[in-house]
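Before any comments, here is the structure.
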Amino acid sequence: MSVDRDAGPGDDAMERRLAEIEAKLALNEDLVEALNRSVFRQQQVIEALQIELRALRERQASSEADPPFRSLRDEIPPHY
């Protein structure tokens with residue numbers, strides 16, 4: 001058994017408020033999704049930069065372990 005209600009003056013206002021809330025919710029869901037994509041891309045960039053920084057540190061450490069390059073022209077002959 002269904003109950004029929006007559007539309008009262010407050011029903012139109014309630015429908016408008018509900019429509020506004022639904023529209024705001026849809027916009028917020030879109031915004032959250034856009035922010036998630038942005039954070040994901042930023043995380044990828046951070047990870048790539050960390051890999052590059054690690055490689056640079058390893059390259060610097062290996063170059064510090066090797067003796068510095070010396071040219072034969074810098075050497076003084078033993079007879080001097």
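In this chain, numbering begins with 1 at the start of the sequence shown. This is a predicted model, so every value here is computed, not measured.
Applying the salt bridge (charged side-chain N to carboxylate O under 4.0 Å, His left out) criterion to Glu20, with sequence neighbours excluded, gives no partner residue. Glu58 meets the side chain to side chain donor-acceptor pair (under 3.5 Å) test with no other residue; sequence neighbours excluded.
To the nearest 0.5 Å, the span separating CG on Leu56 from CD1 on Ile51 amounts to 12.0 Å. Once rounded to the nearest 0.5 Å, the distance linking CZ of Arg54 with CG of Leu49 reads 11.5 Å. Distance CG/Asp12 to CZ/Arg17: 13.5 Å, rounded to 0.5 Å. Distance check, rounded to the nearest 0.5 Å: CD1 of Ile46 to CD of Gln42 gives 6.5 Å.
With a 4.5 Å cut-off on side-chain heavy atoms, Leu53 and Arg57 count as touching. Counting heavy atoms from C-beta outward, Glu29 and Leu25 have side chains that approach closer than 4.5 Å.
Other residues, nucleotides and ligands contribute more than 12 heavy atoms inside 6.0 Å of the CD atom of Gln44.
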